Amino acid sequence: MLSLIAMVVLIVVAGWLDSRLNWQPAGRDEQEVKRS
Amino acid sequence: MIAGHFGLATGVKTGAPRLPLWALLVSTFLLDIIFVFLFAAGVESLTQVDPAHPAYGGALIHAYYTHSLVGALLIAAVAGLIAGRFWGQQGGLVIAAVVFSHWILDLVVHRPDLPILPGNLGDLPLLGFGLWNYPVASAIVELALVLGGAYLYFRRATRLPAPPGVDASTQRRRALTASAVTTLLLLLLLATDVLAL
């Protein structure tokens, strides 16, 4: 049961913290670098 | 195996930065999520090798649809198609691969309980390399997946540029917080599984 709770907390909390980071522009920059 | 699946998904995030981490975490566990519903419906089930002493790696699943080779491929394909509508073809392919990675990792740790065809059609041999017979080795493999994924995530997240309107120190603090909390939660998940809590 604790594993289930830990799993849900991981998905929600880690997912939220990750969404505050600037991943998407970094991806675009990389694409542009590769194209150039 | 639970935490190992999530560790792998966390590592994949660094190679597919446009995909949200939550989507990768859900994808890596999708077969088990569907299994829960089929378990509740009485279609699939779970038993313990030693029912008197449930322990880490002591499970035998009778998941002849979600955890069959062909069933897992079909679920991965459908998930990939749906994900592709949101994150493009490449994103869909990554999601499909992450969904199917669950079956590959299960193949390594499970005792032979994974069928090839849905419903175990043809009564073909069940698959599983049985690393769970060696709980310490299995836990070490899971720990390696967790620490490997967490390290890749930390290394990549702390190098991300700050978005407009956010200063560099705030961005770095956010990256360190996300890396540290994610690592901690992965280790907590591994601990609850290994200790059979």
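Every chain is numbered from 1, with letters handed out A, B, ... down the list of sequences. Here the structure is a predicted model, which is why all the values come from computation and not from measurement.
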Assigning hydrophobic clusters by single linkage (Ile, Leu, Val, Met, Phe, Trp, Tyr; side-chain heavy-atom cutoff under 4.5 Å), is B:I33 placed with B:I104?
yes
Spacing of CG belonging to B:L185 relative to CG belonging to A:L17, to within rounding of 0.5 Å:
8.5 Å
Please, which pairs that meet side chain to side chain donor-acceptor pair (under 3.5 Å) have at least one residue in residues 22-49 of chain B, sequence neighbours excluded?
B:D32-B:H67, B:D32-B:H102, B:E44-B:T66, B:T47-B:H62
Would you say that more than 12 heavy atoms from the other residues, nucleotides or ligands in this model lie under 6.0 Å from the CZ of B:F35, or not?
yes
Residues in residues 170-178 of chain B near chain A [non-hydrogen atoms, under 4.5 Å]:
B:Q171, B:R174, B:A175, B:T177, B:A178
Given side chain to side chain contact (heavy atoms under 4.5 Å, CB included), test B:T182 with A:D18 step by step and report yes or no.
CA-CA 9 Å; B:T182 301; A:D18 179 74; over 6 Å; no
Quick one, B:F29 and A:M7 - any side-chain contact, counting heavy atoms below 4.5 Å?
yes
Pick from B:A9, B:A157, B:P20 with the largest number of heavy-atom pairs that fall under 4.5 Å of chain A
B:A157
Taking side chain as C-beta onward, heavy atoms only, is A:W23 less than 4.5 Å from B:L21?
no
Between B:L24, B:L19, B:L25, B:T10, who has the most heavy-atom pairs with chain A when the cutoff is under 4.5 Å?
B:L25
Measuring from atom CG of A:L21 to atom OG of B:S179, what distance do you get when rounded to the nearest 0.5 angstrom?
7.5 Å
Please check if B:I140 and B:L187 belong to a single hydrophobic cluster, counting links between Ile, Leu, Val, Met, Phe, Trp and Tyr side chain heavy atoms closer than 4.5 Å.
no
For residues 69-86 of chain B, which side-chain N or O atoms pair as donor and acceptor with protein atoms under 3.5 Å away, sequence neighbours left out?
none

Verify, without hydrogens or angle tests, whether A:N22 (side chain) and B:L160 (backbone) share a donor-acceptor contact under 3.5 angstrom.
no
Grouping I, L, V, M, F, W and Y whenever their side-chain heavy atoms are under 4.5 Å apart, do B:V181 and B:F6 come out in a common cluster?
yes
Only pairs under 3.5 Å count here: list side-chain donor-acceptor contacts from residues 190-197 of chain B, not counting sequence neighbours, and write none if there are none.
residue : atom : partner : partner atom : Å
B:T192  : OG1  : A:S3    : OG           : 3.1
B:T192  : OG1  : B:L188  : O            : 3.4
B:T192  : OG1  : B:L189  : O            : 2.8

Check whether B:L46 and B:L31 end up in the same hydrophobic cluster, where Ile, Leu, Val, Met, Phe, Trp and Tyr are linked by side-chain heavy atoms less than 4.5 Å apart.
yes
Treating Ile, Leu, Val, Met, Phe, Trp and Tyr as nodes and any side-chain heavy-atom pair under 4.5 angstrom as an edge, say whether A:L4 and B:L30 lie in one connected cluster.
yes
